[in-house]
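Have a look at the structure below before the remarks.
Here is the naming used below: chain letters follow the sequence lines, and residue numbers restart at 1 for every chain. Since this is a predicted model, take the numbers as computed values, not measurements.
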Number of protein chains: 2
Amino acid sequence: MTKKQAATQSVQDYLKRIYELTEDGAPASTNDLARELNIKPASVTGMIQKLAAEKPALVEYQKHQGVTLTKAGRKAALEVIRHHRLLEAWLVRTLGYSWDEVHEEAERLEHVISEDFEMRIAAAMGHPDRDPHGELIPTAELVMPTEESIPLSALRPTQTGIVQCVKAADTELLRFLEGLGLIPGAEIEIKEYSPFDHNLTVKIGRKTTVLGLNITSKIFIEES
Amino acid sequence: MTKKQAATQSVQDYLKRIYELTEDGAPASTNDLARELNIKPASVTGMIQKLAAEKPALVEYQKHQGVTLTKAGRKAALEVIRHHRLLEAWLVRTLGYSWDEVHEEAERLEHVISEDFEMRIAAAMGHPDRDPHGELIPTAELVMPTEESIPLSALRPTQTGIVQCVKAADTELLRFLEGLGLIPGAEIEIKEYSPFDHNLTVKIGRKTTVLGLNITSKIFIEES
DNA sequence: AAATCAATTTAGGATAACCTAAATTTTAAG
DNA sequence: CTTAAAATTTAGGTTATCCTAAATTGATTT
């Protein structure tokens with residue numbers, strides 16, 4: 001049977017964070033997880049040991065070496081991420097939430113919606129492939145599509161493209177970027193590059209702005 | 001400060017059930033609560049004692065005499081009930097749930113939505129005063145409107161009216177009633193009354209059906 | 001290789017919300 | 001008014017998840 005015991009909310013949160021922290025290929029450390037989850041490292045160790053000991057293990061764990069997800073753990077994580085991103089899209093589209101407001105609400109709802117609810121909102125939106133920030137939504141089969149876009153920081157003068165994704169969670173930053181028009185779908189063109197500080201002068205729509213690396217590394221572009 | 005510590009999901013469930021069980025004015029017994037909440041009576045006693053001991057008490061409790069809600073407890077209960085009923089209405093209207101499907105989903109969502117979410121869905125629906133079953137929705141100020149309609153079982157031949165509310169939770173029964181057209185808004189007329197078994201012959205729209213007391217006591221009518 | 005510091009784990013507790021089994025109280029019946 | 005049955009409460013456990021403080025391990029520096 002593929003039937004897994006409903007993971008608790010805590011477990012779902014652990015798996016989601018582990019997924020995010022291991023996207024770069026490296027295991028997630030106890031400390032990093034503790035910071036992301038706002039709990040103490042000692043508690044993380046305990047939970048991780050439990051997850052590694054489950055009948056079908058959800059994580060791979062070696063003392064002092066960090067954790068990674070097993071196939072089962074990854075599926076469970078993608079389920080939560082799919083819920084979260086579909087919810088963000090749904091809240092923005094049907095209830096007029098702005099992209100800087102949805103996160104918290106989705107964070108709570110993601111743990112309690114049914115598969116039926118998931119299917120209904122996905123269908124109602126025409127099965128979107130990205131959330132309001134442009135983050136890819138795992139498929140119903142729990143496969144994460146591959147991201148084709150590249151960071152804005154990798155572009156150089158005369159290159160043009162379209163903003164696909166803004167990887168930021170901070171409300172202030174999101175509002176700032178929205179003010180600049182730097183949102184998914186925006187057309188951009190690189191005007192200047194400053195090799196010393198990595199600043200890029202970017203034309204967004206009709207406005208032109210200078211952006212630092214801390215911003216350009218978070219914006220993902222599909223070149224055109 | 002009126003700021004109450006976020007009640008846990010369990011506490012919210014207890015308060016909601018106590019509200020329902022005490023609508024008739026009488027205190028709710030430990031046993032009844034246990035049955036409604038699907039937990040053991042011993043556990044109910046423990047929780048009730050805790051709720052009665054809270055800084056602002058949520059329930060009034062006397063050993064062996066049952067519980068009632070305090071003002072604070074009632075407000076908290078009405079908040080949950082408002083969430084539940086608004087959610088049911090919203091799920092039916094925006095996601096095509098049928099009235100026999102919404103309960104479970106709303107039961108889980110009611111505990112996690114924000115006040116902001118509550119306001120948004122209420123506004124999006126034009127601040128409805130009843131849920132899909134016709135149950136009254138507490139106001140944003142947490143006041144339960146007074147129910148004016150009377151049970152179908154109280155009507156007698158030649159009286160006519162409109163169905164306002166169907167107080168039933170069972171999926172099968174709800175589907176059956178829907179099949180009969182016995183849903184909020186339906187026009188009905190009493191044709192016959194059988195004093196021995198309390199059966200009523202009722203014309204619903206153009207169909208005529210004989211209904212027993214177990215049904216007629218659950219349908220509420222506004223006489224016309 | 002020894003010392004030191006940071007990261008991690010272990011040990012021992014706390015809290016919330018259940019449970020079972022045993023005791024007690026209330027209610028109802030002789 | 002005594003007693004059996006029903007309802008309720010107490011006592012003692014369990015599980016999940018978190019915490020603090022102490023111990024340990026790994027990494028870095030001398």
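- One finds no side-chain N or O of K63(B) lying less than 4.0 angstrom from the OP1 or OP2 phosphate oxygen of dT8(D).
- Checking dT9(C), dT17(D), dA16(C) against the side-chain heavy atoms of P41(A) singles out dT9(C) as nearest.
- With K16(B) as the partner, the salt bridge (Lys or Arg N to Asp or Glu O under 4.0 Å) test is satisfied by one option alone out of E107(B), E36(B), E79(B): E107(B).
- For K50(A), a side-chain nitrogen or oxygen approaches OP1 or OP2 of dT17(D) to under 4.0 Å.
- You'll find the ring centres of F117(B) and W90(B) inside the 6.0 Å limit.
- Using a 4.0 Å heavy-atom cutoff across all strands shown, T30(A) reaches sugar-phosphate atoms only and no base atom.
- Remark: aromatic rings of H83(B) and H111(B) are distant, center separation not under 6.0 Å.
- Distances from the side chain of K40(A) to the nucleotides dT17(D), dT20(D), dT9(D) place dT20(D) closest.
- Nearest to the side-chain atoms of H64(A) among the listed nucleotides dA16(C), dT9(C), dT25(C) stands dT9(C).
- Taking atom CG of L37(B) as the reference point, atom P of dC18(C) lies 8 Å away to the nearest angstrom.
- Look at CG on D32(A): it is 7 Å from P on dT8(C), rounded to the nearest Å.
- Base pairing in DNA chain D gives the following stems of 3 or more Watson-Crick or G-U pairs, range against range and under 3.5 Å: C:1-30 with D:1-30.
- Although no hydrogens or angles enter the test, the distance criterion places no donor-acceptor pair under 3.5 Å between the side chain of E110(B) and the main chain of L87(B).
- Of the two residues contacting DNA chain D, namely G66(B) and M47(A), the nearest-nucleotide position lying further toward the 5' end is that of G66(B).
- The separation between D13(A) atom CG and dT17(D) atom C1' is 12 Å, rounded to whole Å.
- Side chain of A42(B), nearest nucleotide from dT20(C), dA16(D), dA17(C): dT20(C).
- In this model, the phosphate group of dT8(D) is approached by a side-chain N or O of N31(B) to a distance below 4.0 Å at OP1 or OP2.
- Two residues are said to be in side-chain contact when any heavy atoms from C-beta on lie closer than 4.5 Å; R120(A) and E105(B) fail this criterion.
- Put simply, CG on L33(B) is 14 Å from P on dA7(D), counting in whole angstrom units.
- Checking the phosphate oxygens (OP1, OP2) of dC19(D), a side-chain nitrogen or oxygen of S43(A) falls inside 4.0 Å.
- Side-chain nitrogen and oxygen atoms of Y61(B) include at least one within less than 4.0 Å of the OP1 or OP2 phosphate oxygen of dT9(D).
- If you run salt bridge (Lys or Arg N to Asp or Glu O under 4.0 Å) between R130(A) and each of E222(A), E147(A), E88(A), only E147(A) comes through.
- Atom CD1 in I48(A) sits about 14 Å away from atom P in dT17(D), given to the nearest Å.
- At whole-Å resolution of the value, CD1 in I39(B) and P in dT8(D) are 14 Å apart.
- Backbone-only engagement by S10(A) is indicated by non-hydrogen atom pairs under 4.0 Å involving sugar-phosphate atoms exclusively.
- Atoms CD (Q65(B)) and C1' (dT27(C)) sit 12 Å apart, rounded to a whole Å.
- With rounding to whole Å, E54(B) atom CD is found 9 Å from dA16(C) atom P.
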- Apply the test side chain to side chain contact (heavy atoms under 4.5 Å, CB included) to residues I48(B) and L33(B): give CA-CA distance (whole Å), side-chain angles for both, the deciding distance (0.1 Å), then the verdict. CA-CA 10 Å; I48(B) 279 174; L33(B) 259 175; 3.7 Å; yes
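- Applying the 4.0 Å criterion to OP1 and OP2 of dT10(D), one finds that Q49(B) has a side-chain N or O inside that range.
- Y14(A) has a side-chain polar atom (N or O) that falls below the 4.0 Å cut-off from OP1 or OP2 of dC18(D).
- Under 4.0 angstrom from either OP1 or OP2 of dT10(D) there lies no side-chain N or O belonging to T45(B).
- Side chains of H133(B) and V102(B) form a contact here, defined as non-hydrogen atoms less than 4.5 Å apart.
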